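Okay, structure first, notes after.
These numbers were taken from a predicted model, which means no experiment stands behind them. To find a chain, count down the sequence lines: A is the first, B the second, and so on, and within it residues start at 1.
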There are 2 protein chains.
Amino acid sequence: MEDGCEDEVLTSEELLAVLAAIGHPIRLRVIAELAAGQVHVSELARRLGVSRPLLYMHLERLEKAELVHGRLELSPDGKALKYFELAPFHLTLTPDTVLAALRADQQETRHD
Amino acid sequence: MEDGCEDEVLTSEELLAVLAAIGHPIRLRVIAELAAGQVHVSELARRLGVSRPLLYMHLERLEKAELVHGRLELSPDGKALKYFELAPFHLTLTPDTVLAALRADQQETRHD
DNA sequence: TCCACCTGTAATATTCAACTTACAGGTGGA
DNA sequence: TCCACCTGTAAGTTGAATATTACAGGTGGA
């Protein structure tokens, strides 16, 4: 059975982006909320007790790291709602994965 | 065969500390250097091309997260050297581990 | 003695993520 | 029309992490 998870080789830059994206109290809670199913921005802001512009920034950060995915959807009554859903991720963190990331950087610079 | 690695249940606070500790370009390289064996501070600073006071701060951060461990050692000729070594860590990052961390927080607050 | 190493910290700048506030615009329904 | 929702962004502020510089002190050996 296949699933769309990662465990691909990340460059250190990508690794750092993911670590920074997950590593924030609000973003942890965003991930937790989205784990239960998709939610639109205003509703999510209400649940977390966070201002909407602030939530926007956090969602942006999570989306850039490809941990969540947002999509504009029209509700039955014609109102536009921005739904976000979780991108199931799987990342292992050990000395070896750190070494692998730094090795991946050197591969990168060779293709320039 | 046993090893001293983690995969214990972390609170979100502990999880965030580890993520922040690993999530910095210099600290990634520190981990990589120490993966090959213990190194003393001045030597490590030279290898990374980083000032010693700056390196001190990064090592402090890594040590607080228990990712590295420092110990003062006397060389054969009587000079004091501060050696750092890597604490082998193993951390899995998925939506479920995030949920588990937030659940662990609630356990914490009940024991107050 | 002086030099070449080393440890350790305090005080200060600088940079950047995080957060707030305020705005402009859209829809459907009362 | 007004109200209650929604999306989206452009300021500006603040505060913590990062980084620099400068200092005080120790050792062994030439």
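- Comparing B/R46 and B/P53 against DNA chain C, the residue whose closest nucleotide sits nearer the 5' end is B/R46.
- The distance between atom CG of A/L81 and atom C1' of D/dG8, rounded to the nearest whole Å, is 14 Å.
- Within a 6.0 Å sphere centred on CD of B/E73, other residues, nucleotides and ligands contribute more than 12 heavy atoms.
- Put simply, CE on B/M57 is 16 Å from P on C/dA13, counting in whole angstrom units.
- Among the nucleotides C/dA17, D/dT9, C/dG8, the one closest to the side chain of A/Y56 is D/dT9.
- Residue order along DNA chain C, read from the 5' end via each residue's closest nucleotide, puts B/L72 first among A/L54 and B/L72.
- Rounded to an integer number of Å, the gap from NE2 of A/H58 to P of C/dA17 is 13 Å.
- Here the C1' atom of nucleotide C/dA30 and the CG atom of A/D77 are 15 Å apart, to the nearest Å.
- With A/R103 contributing its side chain and A/T11 its backbone, the two residues share no donor-acceptor pair below 3.5 Å.
- Between B/E73 atom CD and D/dG26 atom C1' there is a gap of 17 Å when expressed in whole angstrom units.
- Taking every side-chain heavy atom of B/R52 into account, C/dG8 is the closest of C/dG8, D/dT7, C/dA18.
- Rounded to whole angstrom, the span from the CZ atom of A/R29 across to the C1' atom of C/dA18 amounts to 15 Å.
- Exactly one residue among B/R29, B/R27, B/E63 makes a side chain to side chain donor-acceptor pair (under 3.5 Å) with B/H58. That residue is B/R27.
- A donor and an acceptor atom, one from each side chain of A/T94 and A/D96, are nowhere located under 3.5 Å apart.
- Residue A/S42 has its side chain nearest to D/dC6 when only D/dG28, D/dC6, C/dT7 are considered.
- When heavy atoms are screened at a 4.0 angstrom cut-off, B/V41 is found touching the sugar-phosphate backbone but no base atom.
- Within the shown strands, C/dC5 is the pairing partner of D/dG26 under the Watson-Crick or G-U definition, both distances less than 3.5 Å.
- Not one N or O on the side chain of B/T92 forms a donor-acceptor pair closer than 3.5 Å with the backbone of A/T92.
- Comparing D/dA17, C/dC6, D/dT21 by their nearest atom to the side chain of B/R61 picks out D/dA17.
- Nucleotide C/dT12: paired with D/dA19 (Watson-Crick or G-U wobble, both distances less than 3.5 Å).
- When rounded to the nearest whole Å, the span between CG of A/L44 and P of D/dG8 equals 14 Å.
- Residue B/K79 is in base contact, counting any heavy-atom pair closer than 4.0 Å across all strands shown.
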